[in-house]
Colleague: 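I'd like to ask you about the structure that follows.
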Amino acid sequence: MWVVHVWGDEVPGQSFRWRLTAAPDTYTGVIGQRVVQLRQLLDDVQWRVLARGPGASPEADAAALREYFNLDAADLAVLYSEWCSRDARFAAVSPHLPGARMLRQDPVECLFEFICSSNNHIRAKFIVGSVQQLLSQPGGGEAWLLGLRDKPYAEAHEALCSLPGVGPKVAACICLFSLDKHDAIPVDTHVWDLATRYYAPQLAKKTLNKQLHADIQAMFVQRFGAYAGWAHNTLC
């Protein structure tokens, strides 16, 4: 049984490549070199691969989906139980989003989808600039991005912020959704409002800056632990 809800992963806004193709419970999207259809059952997910690109074998289909849905990263039921015991708001919100886990996306795809989603008016300039900078990396941009999975969160975050169009929030999204930084907290005005309303009211009158990004990150990690980014995404 998969501890994942298809609509649960769609709601938090992690990926923009899925479409509801048969209401109310069937989605079609792309995972690497595969076009995949997912159907939400009562307590499981039914899937099938509709098409494969070069190098994608049928024998590797299940492994590709397991990696994409991050099924081996953590026991979500255990995490939910722990977070509910620690936080009353999470206990109230979580029944509405069961199975909402973090995806493990391809870092290149994740980088450019978030550049596009956060820079609607000037994204072409940022895309070109980021492509040029990635191509200049030793070994190529894909290898450089994948290598950030092995770096500490702070180092990976700082490296991403060196790319055109990538600020602290987008860098945190990429870290959380594709680079295995499970404690990353993407801080925007919505997360800021959540943090100051429920967890850190003493920060409400301060200006959101680099230090406060770090303070909010630390606050979520203290409350929710090593998978704080997963908990934060359900709360938001």
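Counting from 1, the numbers follow the sequence of the chain as shown. This is a predicted model, so every value here is computed, not measured. What you see below is based on every heavy atom in this structure, not just the backbone, and it leaves out hydrogens, waters and symmetry mates.
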Colleague: Any side-chain heavy atom of Leu212 sitting closer than 4.5 Å to one from Leu203?
Modeller: yes

Colleague: Where is the tightest heavy-atom contact between Leu176 and Ala184, given as atom of each residue plus distance?
Modeller: CD2-O, 3.8 Å

Colleague: Show which side-chain atoms of residues 215-225 pair as donor or acceptor with protein atoms under 3.5 Å away, not counting sequence neighbours.
Modeller:
residue: Asp215; atom: OD1; partner: Gln211; partner atom: NE2; Å: 2.9
residue: Gln217; atom: OE1; partner: Ile185; partner atom: N; Å: 3.0
residue: Gln217; atom: NE2; partner: Asp183; partner atom: O; Å: 2.6
residue: Arg223; atom: NH1; partner: Asp87; partner atom: OD1; Å: 3.0

Colleague: Can you name the residues that form a side chain to side chain contact (heavy atoms under 4.5 Å, CB included) with Ala91, not counting sequence neighbours?
Modeller: Cys84

Colleague: Do Lys206 and Thr196 have side chains that approach each other closer than 4.5 Å (heavy atoms only, starting at C-beta)?
Modeller: no

Colleague: Do the non-hydrogen side-chain atoms of Arg89 and Leu194 ever get within less than 4.5 Å of each other?
Modeller: yes

Colleague: Would one find more than 12 heavy atoms of other residues, nucleotides or ligands at under 6.0 Å from atom CD of Gln137?
Modeller: yes

Colleague: Taking only residues two or more places apart in sequence or in another chain, which ones pass salt bridge (Lys or Arg N to Asp or Glu O under 4.0 Å) with Glu82?
Modeller: Arg86

Colleague: Taking only residues two or more places apart in sequence or in another chain, which ones pass side chain to side chain contact (heavy atoms under 4.5 Å, CB included) with Leu135?
Modeller: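 Side chain to side chain contact (heavy atoms under 4.5 Å, CB included) check on Leu135 returns Val131.
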
Colleague: Which heavy atom in Leu111 sits nearest to a heavy atom in Val166, and how many Å separate them?
Modeller: CD1-CG2, 3.8 Å

Colleague: Would you mind reporting whether Val187 and Leu208 have side-chain heavy atoms less than 4.5 Å apart?
Modeller: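 Yes, their side chains come closer than 4.5 Å.
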
Colleague: Are Leu71 and Val45 joined in one hydrophobic group, where the rule is that I, L, V, M, F, W and Y side chains link up if heavy atoms are under 4.5 Å apart?
Modeller: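 Yes, Leu71 connects to Val45 through the hydrophobic network.
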
Colleague: Checking Arg17 now: which residues fulfil salt bridge (Lys or Arg N to Asp or Glu O under 4.0 Å) with it, not counting sequence neighbours?
Modeller: Glu109

Colleague: Provide the closest heavy-atom pair for Arg34 versus Ala64 in the form atom of the first, atom of the second, distance.
Modeller: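 Looking at all heavy atoms of both residues, the closest pair is NH1-CB, 3.6 Å.
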
Colleague: Kindly give the heavy-atom pair with the smallest separation between Leu235 and Tyr199, and that separation in Å.
Modeller: CD1-OH, 3.5 Å

Colleague: Compare every heavy atom of Cys236 with every heavy atom of His190, then report the nearest pair and how far apart it is.
Modeller: NE2-O, 3.4 Å

Colleague: Within this structure, what is the CZ-OG1 distance for the pair Arg101 and Thr234, rounded to the nearest 0.5 Å?
Modeller: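 OG1 of Thr234 is found 11.0 Å from CZ of Arg101.
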
Colleague: How long is the gap from CG on Leu38 to OH on Tyr68, to the nearest 0.5 Å?
Modeller: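 Answer rounded to 0.5 Å: 8.5 Å.
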
Colleague: Out of curiosity, does Leu146 fall in the hydrophobic cluster containing Leu103 (side-chain heavy atoms, cut-off under 4.5 Å, transitive links)?
Modeller: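 No; Leu146 is not reachable from Leu103 via cluster members.
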
Colleague: Under 3.5 Å, sequence neighbours excluded: what are the donor-acceptor pairs made by side chains of residues 152-162?
Modeller:
residue: His157; atom: NE2; partner: Pro168; partner atom: O; Å: 2.9
residue: Ser162; atom: OG; partner: Gln133; partner atom: NE2; Å: 3.3
residue: Ser162; atom: OG; partner: Ala159; partner atom: O; Å: 2.5

Colleague: How close do Val170 and Ser118 get, heavy atom to heavy atom, and via which atoms?
Modeller: CG2-OG, 3.4 Å

Colleague: Taking side chain to side chain contact (heavy atoms under 4.5 Å, CB included) as the definition, give me every residue that meets it alongside Pro58, ordered by chain and number, with sequence neighbours left out.
Modeller: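 Counting only residues at least two positions away or on another chain, Pro58 forms a side chain to side chain contact (heavy atoms under 4.5 Å, CB included) with Arg52, Asp61.
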
Colleague: Quick test of your reading: applying salt bridge (charged side-chain N to carboxylate O under 4.0 Å, His left out), list the pairs with at least one residue in residues 161-174, sequence neighbours left out, ordered by first then second residue.
Modeller: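 Sorted pair list: Lys169-Asp188.
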
Colleague: If hydrophobic clusters are built by linking Ile, Leu, Val, Met, Phe, Trp and Tyr wherever their side-chain heavy atoms come under 4.5 Å apart, do Phe126 and Phe16 end up in the same one?
Modeller: yes

Colleague: Run the salt bridge (Lys or Arg N to Asp or Glu O under 4.0 Å) test against Asp72 and tell me which residues pass, sequence neighbours left out.
Modeller: Arg66

Colleague: With side chains defined as the heavy atoms from C-beta onward, is the minimum distance between Leu76 and Val78 less than 4.5 Å?
Modeller: no

Colleague: Can you tell me how far CD of Gln33 sits from CG of Asp106, rounded to the nearest 0.5 angstrom?
Modeller: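 Interatomic distance, Asp106 CG to Gln33 CD, rounded to 0.5 Å: 10.0 Å.
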
Colleague: Residues in ring pair (Phe, Tyr, Trp, His ring centres under 6.0 Å) with His213, at least two apart?
Modeller: none

Colleague: Is there a side-chain contact between Thr21 and Tyr27 in this structure, where contact means two heavy atoms from C-beta onward sitting under 4.5 Å apart?
Modeller: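 Of all side-chain heavy-atom pairs linking Tyr27 with Thr21, none is under 4.5 Å.
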
Colleague: Who are the side chain to side chain contact (heavy atoms under 4.5 Å, CB included) partners of Ser130, not counting sequence neighbours?
Modeller: Phe112, Ile115, Leu163, Pro164

Colleague: Looking at residues at least two apart in the chain, or sitting in another chain, which of them share a salt bridge (Lys or Arg N to Asp or Glu O under 4.0 Å) with Glu67?
Modeller: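 So Glu67 forms a salt bridge (Lys or Arg N to Asp or Glu O under 4.0 Å) with Arg104.
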
Colleague: Contact between Cys116 and Ile127 at the side-chain level, heavy atoms closer than 4.5 Å - yes or no?
Modeller: yes

Colleague: How long is the straight-line distance from SG of Cys110 back to CD of Gln105, given to the nearest 0.5 Å?
Modeller: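 Going from CD on Gln105 over to SG on Cys110, the span is 4.5 Å.
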
Colleague: According to a hydrophobic-cluster definition based on side-chain heavy atoms being under 4.5 Å apart (Ile, Leu, Val, Met, Phe, Trp, Tyr only), do Val108 and Val30 belong together?
Modeller: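 Val108 and Val30: separate clusters.
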
Colleague: Is the ring centre of Phe90 less than 6.0 Å from the ring centre of Trp83?
Modeller: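 Yes.
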
Colleague: Rounded to the nearest 0.5 Å, what separates atom CZ in Arg149 from atom SG in Cys175?
Modeller: 11.5 Å

Colleague: Any side-chain heavy-atom pair from Leu179 and Ile174 closer than 4.5 angstrom?
Modeller: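 Yes, side chains in contact.
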
Colleague: If you group Ile, Leu, Val, Met, Phe, Trp and Tyr by side-chain heavy-atom gaps below 4.5 Å, do Leu20 and Ile31 land in one group?
Modeller: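 As far as the 4.5 Å side-chain criterion goes, Ile31 and Leu20 are connected within one cluster.
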
Colleague: Do the ring centers of Tyr227 and Tyr80 come within less than 6.0 Å of each other?
Modeller: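 So the answer is no for these two rings.
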
Colleague: Once you measure the plane-to-plane angle for His182 and Trp230, does it fall in the parallel (<30°), tilted (30-60°) or perpendicular (>60°) bin?
Modeller: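 Plane angle over 60°, so perpendicular.
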
Colleague: Roughly how far apart are Asp180 CG and Lys151 NZ, rounded to 0.5 Å?
Modeller: 14.5 Å

